[in-house]
Amino acid sequence: MPRSPRTMPSWVLLLRLLALLRPPGLSEACTCAPAHPQQHFCHSALAIRAKISSEKVVPASADPADTQKMIRYEIKQIKMFKGFEKVKDVQYIYTPFDSSLCGVKLEANSQKQYLLTGQVLNDGKVFIHLCNYIEPWENLSFLQRESLNHHYHLNCGCQITTCYTVPCTISAPNECLWTDWLLERKLYGYQAQHYVCMKNVDGTCSWYQGHLTLRKEFVDIIQP
């Protein structure tokens, strides 16, 4: 009786998908679509605060013909903000060894703490890459830290659109316009650090800074 083919681990399939999605001519580059921290949180299966205890290079699969490698980070989970229904306590996280596949380099054996967002694969492993939102905890604003507990999760029904040029207008009532790149020529500027796109009682969405609201249209480029 012929043997059934072995099922490849889901992380191997993800590695191969990342390789296929790599733009032609950018073999040594990792490119990611821009996303506001709130979008990263909403689109991720997992969000935790953690320290990195150690790192180890491991094979991507048990197949000896597979030459791809992964970095396995052993972590100390401090707090989980999202992912309770998938995992209880995260001990290891995995990322591609190859930087062109968006592998993440984190500091191990230090006092640095990170906010880590990522995916939980079918085999239960936590997978992260550079297109996730991964930041040193000390770099997060007070509003960002607060929003990890409440605001981001409660407002995933809002849509955030990146503005690159003017005019930039909303196309749906539940949309907020993200203008950091337009105003500061960087993605994670003042708006990403200090504003949340929150849903109003009428179903529309607006930017909030703490308890203060801004009007939906950021087209006038007055604030933030």
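The shortest side-chain heavy-atom distance between F127 and M70 falls under the 4.5 Å cut-off. Q119 has its side chain within reach of N132: a pair of non-hydrogen atoms, C-beta onward, lies under 4.5 Å apart. Put simply, the side chain of F81 reaches to within 4.5 Å of the side chain of K79, judged on heavy atoms. Put simply, the side chain of Q68 reaches to within 4.5 Å of the side chain of L101, judged on heavy atoms. Contact of the T204 side chain with the N174 side chain is not registered, since no non-hydrogen atoms from C-beta on lie closer than 4.5 Å.
For the atom pair NZ of K76 and CD of Q113, the computed distance is 9.0 Å after rounding to the nearest 0.5 Å. Interatomic distance, I48 CD1 to I93 CD1, rounded to the nearest 0.5 Å: 6.0 Å.
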Criterion side-chain contact (heavy atoms from CB on, under 4.5 Å) on I52 and E74, from CA distance to verdict: CA-CA 6 Å; I52 311 302; E74 183 178 6; over 6 Å; no
CA sep, side-chain torsions, deciding dist, call: D98, S100, side-chain hydrogen bond (donor to acceptor under 3.5 Å, both in side chains): CA-CA 5 Å; D98 189 347; S100 67; 2.8 Å; yes
Test log, rule disulfide (SG to SG under 2.5 Å), inputs C176 and C158: CA-CA 7 Å; C176 294; C158 293; 5.5 Å; no
Evaluate side-chain hydrogen bond (donor to acceptor under 3.5 Å, both in side chains) for N155 paired with Y208, printing each intermediate quantity in order. CA-CA 11 Å; N155 293 282; Y208 281 78; over 6 Å; no
Could you give me the CA-CA distance, side-chain angles and deciding distance for L183 and Y190, then say whether side-chain contact (heavy atoms from CB on, under 4.5 Å) is met? CA-CA 10 Å; L183 295 176; Y190 193 83; over 6 Å; no
Does the side-chain hydrogen bond (donor to acceptor under 3.5 Å, both in side chains) test come out yes or no for N109 and K51, once each step is laid out? CA-CA 8 Å; N109 296 313; K51 291 173 62 175; over 6 Å; no
Hey, mind stepping through C32 and C131 against disulfide (SG to SG under 2.5 Å) and telling me if it holds? CA-CA 5 Å; C32 306; C131 296; 2.0 Å; yes
From CA spacing to verdict: disulfide (SG to SG under 2.5 Å), C102, C30: CA-CA 5 Å; C102 302; C30 170; 2.0 Å; yes
Any chance you could lay out the ring-ring contact (aromatic ring centres under 6.0 Å, His included) test for Y133 and Y188, step after step, and finish with the verdict? CA-CA 11 Å; Y133 190 57; Y188 300 127; 5.2 Å; yes
V87/M80 under side-chain contact (heavy atoms from CB on, under 4.5 Å): CA gap, chis, key distance, verdict: CA-CA 10 Å; V87 289; M80 179 176 288; 3.8 Å; yes
How far apart are the C-alpha atoms of Q144 and L115, what are their side-chain angles, what is the distance that settles it, and do they pass the side-chain contact (heavy atoms from CB on, under 4.5 Å) test? CA-CA 11 Å; Q144 286 178 307; L115 169 66; over 6 Å; no
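Between K105 and E55 there is a salt bridge, with a side-chain nitrogen of the basic residue lying less than 4.0 Å from a carboxylate oxygen of the acidic one.
The cluster map of Ile, Leu, Val, Met, Phe, Trp and Tyr, joined by side-chain heavy atoms under 4.5 Å apart, puts L154 and F142 in different clusters. Cluster annotation: L121 is connected to Y92 through the hydrophobic network of ILVMFWY side chains, with a link wherever side-chain heavy atoms come within less than 4.5 Å. In the hydrophobic clustering of this structure, I78 does not group with Y114; members are Ile, Leu, Val, Met, Phe, Trp, Tyr whose side-chain heavy atoms approach within less than 4.5 Å, directly or through other members. Both F84 and V126 sit in one connected hydrophobic cluster of ILVMFWY residues. Membership requires side-chain heavy atoms under 4.5 Å apart, directly or through other members.
When I71, L46, T95, T117 are each tested for a side chain to side chain contact (heavy atoms under 4.5 Å, CB included) with I128, only one passes: T95. Screening R185, K186, H36, Q191 against D180 for a side chain to side chain contact (heavy atoms under 4.5 Å, CB included) leaves a single residue, Q191.
By the salt bridge (Lys or Arg N to Asp or Glu O under 4.0 Å) test, E107 pairs with K112, sequence neighbours left out.
Taking the six-membered ring wherever Trp is involved, the centroid distance between the rings of Y94 and Y73 does not fall below 6.0 Å.
Around NE2 of H153, the count of heavy atoms belonging to other residues, nucleotides or ligands within 6.0 Å does not exceed 12.
Applying the salt bridge (charged side-chain N to carboxylate O under 4.0 Å, His left out) test to pairs two or more places apart or on separate chains, none has a residue in residues 81-93.
The two residues P34 and W178 come nearest to each other via the heavy atoms C-CZ3, 4.2 Å.
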